[in-house]
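Below, read A as the first sequence line, B as the second, and so on, with proteins coming before strands; counting in each chain starts at 1. Hydrogens, waters and symmetry mates are skipped; everything else that's a heavy atom, side chains included, is used.
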Amino acid sequence: MNAWFERFKFDGRRLILRNFSFQFFSLVMPAGFYLLFTKVMVTGNVPASFNVKYMGSMIVYSGTINALFGIAAFLQRDREAGILQWCWLSPTGIRPYYLSIGCWSLLMNTSSVVVLGGIAMGVNHVSLSVAQWGAIAGIAILGQLSTMLLGVLMSFVERAETLSVLSNLITFPMAIISGLWWPLGLLPNWLQPIGKLMPTYLINDWLGRVATHGTLLTSDILGTGAWMISLLVVVIVSVRLLLKRSDGVVRA
Amino acid sequence: MKPIIQATQLQFSYGAHAVLKDVTLSIDPGEIIGLIGENGAGKTTLLNLMLGLFSVRRGQLHLFGQQPGAPIAKQKIGTMRQKDMVIRGVTVQEVLRLAAAQYPEALNVTTLLKNLELTAIAKQRLTALSGGQLRRVTFALALVGNPDLLFLDEPTVGMDTNAQQAFWRGIQQLKAAGKTIVITSHYLPEIQAVADRICLLRNGEIAFQGTFQALQEQYQQVEITCQTALPVAAFENLPGVTAVTKTGPRLNISSEAGDATLQALAPVLADLRQVTIKRESLTDIFVHLTKGVIA
């Protein structure tokens, strides 16, 4: 228990408290975008539903940035620095390490719900019931597991430079075609069906419907679940292959 | 006494390239073993096998009677790798507290920091430390679990002279406390000062295993120089002699069994003038052994 608690404290310090990149890119930037597109770059009255839905979009965007830039780079850097190997050599192994990073990732997503929700309430007077806020937090946390798993998968890229390119190539196109930055209807017709398959679209749509009392779609829920299970299988297989190659070398 | 490490006919290959060939080695509790050899001799591979980072595929290897990498064995092992960990956003004290929490019988972090003279940098971030300071923190991380067996891979690289001296003093204290230590290093004098035995690897094979004294006794390379009127033939068949050359009255005798050759020279000593005897140093022997000159 003590080992787990120390690990949790240790990772919290370096992942959140002393991590300027997370604070800026995952919290300040989405919050800035939210204010920009709901307060600054608008004329006339913005529909209340847009303020709510765009909050959901920015929550998903924050989680995506966090998973594909933050967590992926973090895990890759840890492996390069020999931290994973060090954990592997300790009696508790690497499981607590991944568990702690996973927990903190979820808490990081929670913090984006708190920050963006706070701004939506304070600045745009968004008013939701406690049940809605709870549902939004739950969906944001669990729904983002698929992007988090994608981040874990990307962290196995050998070089930091390659990872950076990969993160850019995946995150921004995915954010655009899944309608996080502007409505999906503005995209070309041929691109919209592809966008609707993205995990970020499914979560965003799910969040928007919960926040606006809309009808929940089973396709959002099943699609999110399918992404999660598929990526979980790919991550488990990849980790096993990478940790123990055929020549018997552990690459932790 | 049951050995802490027992390797029997251990082999390891990277693809078709054999890195370790039939290594048999036994290390008893409380021993300090110097694992020496040139780059690529197989030292780090052997260390990685012992740590469980590489899988044993041929031969046998046991640590504390367990397979390498077994949780019980991990509790008793401390490791100082060649590469220091630079973790962003955390201090020396924080990383040591995390490490201590992983072991059932860990040392007190504050006491350890004090003993290793790291208290002054305890609250500094790892990213702010110099190379030598990081090396000392890596040593502290190896010790914090209060291990019975320590693996130290090139431990003093990057340390300044004072830090090196403090480090070797620490090793002597650990030796007195009965810890078993496996050290790899290129610096023979360092190993010679602390190790009970050495294991010299050459091309993946153990070229020599034993004490320094045994090494010197086994490889008594001697160069004898003198002036004499006696012919070369009088010396060629003496025990241990490998070469005899004569230039005018000056005679050079090379021997691989110094004591035996000198004893055999006793009857003719009266005919020899200006005799000088040069024994090879341990470093010379190491160079010869690693180059395969002595086989």
Side-chain angles (χ1 to χ4, degrees), chain A residues 1-24 70-71 73-97 99-101 104 108 160 240-252, chain B residues 12-17 19 45 47-58 68-91 93-106 109 125-127 134 138 141-142 144-145 147 151:
Chain A
M1 193 61 201
N2 184 35
W4 159 245
F5 183 63
E6 278 296 331
R7 159 67 60 194
F8 196 66
K9 267 199 314 187
F10 183 81
D11 287 331
R13 284 188 190 110
R14 63 197 192 112
L15 274 164
I16 293 189
L17 285 180
R18 298 171 189 163
N19 185 359
F20 175 74
S21 296
F22 161 73
Q23 292 161 6
F24 182 77
I71 298 297
F74 213 85
L75 294 174
Q76 204 254 5
R77 215 164 39 224
D78 276 3
R79 201 179 65 244
E80 283 298 300
I83 298 168
L84 250 94
Q85 191 177 82
W86 178 58
C87 294
W88 192 90
L89 290 170
S90 78
T92 50
I94 54 172
R95 203 166 292 168
Y97 168 84
L99 199 62
S100 165
I101 300 283
W104 276 113
M108 285 156 120
R240 280 176 189 274
L241 286 175
L242 283 162
L243 286 186
K244 212 96 177 172
R245 288 191 319 202
S246 57
D247 57 5
V249 177
V250 175
R251 299 184 65 214
Chain B
F12 191 83
S13 305
Y14 290 110
H17 176 57
V19 185
T45 301
L47 215 59
N48 283 336
L49 281 163
M50 288 174 176
L51 290 169
L53 289 169
F54 291 1
S55 300
V56 175
R57 307 179 93 192
R58 284 188 184 170
I72 296 172
K74 281 181 180 179
Q75 286 180 7
K76 298 177 179 180
I77 294 173
T79 312
M80 183 179 183
R81 305 308 307 262
Q82 278 185 39
K83 189 180 166 189
D84 300 309
M85 278 193 305
V86 184
I87 310 175
R88 292 187 194 183
V90 289
T91 66
Q93 191 171 280
E94 286 162 358
V95 75
L96 280 168
R97 286 201 195 288
L98 170 69
Q102 316 299 313
Y103 292 86
E105 290 172 28
V109 171
R125 300 264 179 105
L126 292 179
T127 44
L134 267 175
T138 305
L141 283 168
V144 75
F151 289 106

- Message: Any non-hydrogen side-chain atom of B/R125 less than 4.5 Å from a side-chain atom of A/R18?
- Response: yes
- Query: Got a second to check how far B/M85's CE is from A/L84's CG, nearest 0.5 Å?
  - Reply: 11.0 Å
- To the nearest 0.5 Å, what is the distance between CZ (A/R7) and CG (B/L98)? 4.5 Å
- Item | Contact class of B/A70 relative to chain A, heavy atoms under 4.5 angstrom | neither
- Task: Please state whether the side chain, the backbone, both or neither of B/V95 comes within less than 4.5 Å of a heavy atom of chain A.
- Result: both
- So does B/E105 have more than 12 non-hydrogen atoms from other groups sitting under 6.0 Å from CD? no
- Min side-chain heavy-atom separation A/W86-B/Q102 under 4.5 Å: no
- Message: Just checking B/I72: does its CD1 atom have more than 12 heavy atoms from other residues, nucleotides or ligands closer to it than 6.0 angstrom?
- Response: no
- Do you know which of B/I87, B/T79, B/N48 has the most heavy-atom pairs under 4.5 Å to chain A? B/I87
- Contact summary for B/R88 and A/R14, nearest pair of heavy atoms: O-CB, 3.5 Å
- Between A/A81 and B/V86, the two heavy atoms sitting closest are CB-O, 4.1 Å
- Query: Which pair of heavy atoms, one from B/A101 and one from A/A3, lies closest together, and at what distance?
  - Reply: O-CB, 3.2 Å
- Message: Could you tell me if the side chain of B/I77 sits less than 4.5 Å from the side chain of A/L89, heavy atoms only?
- Response: no
- Message: If the test is side chain to side chain contact (heavy atoms under 4.5 Å, CB included), which one of A/K9, A/E6, A/R13 qualifies with B/E94?
- Response: A/R13
- Which heavy atom in A/W88 sits nearest to a heavy atom in B/G52, and how many Å separate them? CH2-O, 3.0 Å
